[in-house]
Q: 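To start, I am sharing the structure in question, which I have written as structure tokens.
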Amino acid sequence: MNQDALKQIAAREAVKFVKDDMAVGLGTGSTVKYMIQALGKRLREKNLHIVGIPTSNRTARRARRAGIPIKNIDDIDHIDLTIDGADQVDKNYQGIKGGGIAHLWEKIVAINSTKNIWIVDETKLTNHLGSFPLPLEVIPYGSSQLFVRLKKMGYHPTFRMSHGRHILTHSRNYIIDLNLGQIDHPHHLSKQLDEMTGIVEHGLFLDIVNTVIVGHPDGPEIINAR
């Protein structure tokens with residue numbers, strides 16, 4: 001079974017958690033794409049009324065096409081549930097996100113949600129975080145100086161580029177990826193990055209997820225993380 005099929009298994013299971021009158025955070029990424037399609041179908045079949053809070057412009061476009069009403073996060077008073085993907089999930093259910101450069105908006109929505117569900121295929125599970133690059137959203141001004149500091153710290157930074165130009169986030173910032181190999185102390189690293197001027201947000205999502213739904217060839221696995 002290919003990876004897309006595994007993503008669809010997790011995505012279809014996740015939408016069963018969506019109930020009538022919920023405010024639902026809609027993550028970003030290839031697995032979420034399938035979730036949005038499944039959610040649109042569920043709304044039509046069950047005649048559910050929800051509002052979606054997108055974490056990127058492309059998610060907003062996909063939600064509209066699927067018939068999901070959307071609102072800006074600042075126009076609602078709560079988020080019941082957020083369903084998002086993850087680039088890597090370790091044995092303690094900590095995660096790395098940001099491969100799709102949306103981790104700032106994703107984290108804002110996640111921390112304002114009553115419950116968070118991550119949907120992943122089985123290849124995203126790992127014992128230790130770090131083999132997937134850790135994204136940092138950084139202010140363009142002074143980003144080269146920040147890059148030098150990160151390099152001196154041994155974090156092997158690279159600017160995320162396309163055709164020789166910086167890739168820009170939705171907030172018009174740059175992305176620096178840290179190539180760490182293995183993160184032994186994610187909470188320590190998170191605190192260190194939080195305190196560095198110029199970093200808007202990093203892709204460590206710690207102690208956030210409540211439920212992880214994993215797509216396996218024999219069906220979905222539902223893990224109660226916390």
Q: Pairing donors with acceptors under 3.5 angstrom, does anything connect the side chains of Q88 and D90?
A: no
Q: Would you say the side chains of H202 and S190 form a donor-acceptor pair under 3.5 Å?
A: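 The answer is yes; a qualifying pair exists.
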Q: Look only at the side chain of R62 and the backbone of K33, and say whether a donor-acceptor pair between them is shorter than 3.5 Å.
A: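 Absent.
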Q: Donor-acceptor check, side chain of E13 to backbone of I213, threshold 3.5 angstrom: yes or no?
A: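 Answer holds: no.
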Q: Report yes or no: do S30 and K7 form a side-chain donor-acceptor pair below 3.5 Å?
A: yes
Q: Salt bridge or not for K124 and D87, using N-O below 4.0 Å?
A: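 No, no charged N to carboxylate O under 4.0 Å.
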Q: What I want to check is whether the side chains of H78 and N112 have a donor and an acceptor closer together than 3.5 Å.
A: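 No - no donor-acceptor pair under 3.5 Å links their side chains.
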Q: Can you tell me which residue among K41, Q37, M35 is in a side-chain contact (heavy atoms from CB on, under 4.5 Å) with L39?
A: M35
Q: Between V51 and V24, is any pair of side-chain heavy atoms under 4.5 Å apart?
A: no
Q: Between D121 and T123, does any side-chain donor sit less than 3.5 Å from a side-chain acceptor?
A: yes
Q: State whether the number of non-hydrogen atoms from other residues, nucleotides or ligands found under 6.0 Å of Y93 atom OH is greater than 12.
A: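 12 or below, so no.
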Q: Considering non-hydrogen atoms only, spot the tightest contact between P157 and L178 and give its length.
A: CB-CD2, 4.0 Å
Q: Does CZ belonging to R226 count more than 12 external heavy atoms closer than 6.0 Å?
A: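 Result for CZ/R226: enclosed.
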Q: Is there a donor-acceptor contact under 3.5 Å from the side chain of S113 to the main chain of K115?
A: no
Q: Please check this pair: side chain of N224 against backbone of T211, looking for a donor-acceptor N/O pair closer than 3.5 Å.
A: no
Q: F147 vs F159 aromatic rings, parallel, tilted or perpendicular, using cut-offs 30° and 60°?
A: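 Parallel, since the angle between the ring planes stays under 30°.
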Q: What is the ring orientation for F205 with W118, classed by angle as parallel under 30°, tilted 30 to 60°, or perpendicular over 60°?
A: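 Correct class here is perpendicular.
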Q: Should I119 and F17 be counted in the same cluster of Ile, Leu, Val, Met, Phe, Trp and Tyr side chains packed under 4.5 Å apart?
A: yes
Q: Can you list the residues that meet the ring-ring contact (aromatic ring centres under 6.0 Å, His included) rule with H170, with sequence neighbours excluded?
A: W105
Q: Do I199 and D194 pass the side chain to side chain contact (heavy atoms under 4.5 Å, CB included) test, and can you show the C-alpha distance, the side-chain angles, and the key distance before you say yes or no?
A: CA-CA 7 Å; I199 298 176; D194 284 339; over 6 Å; no
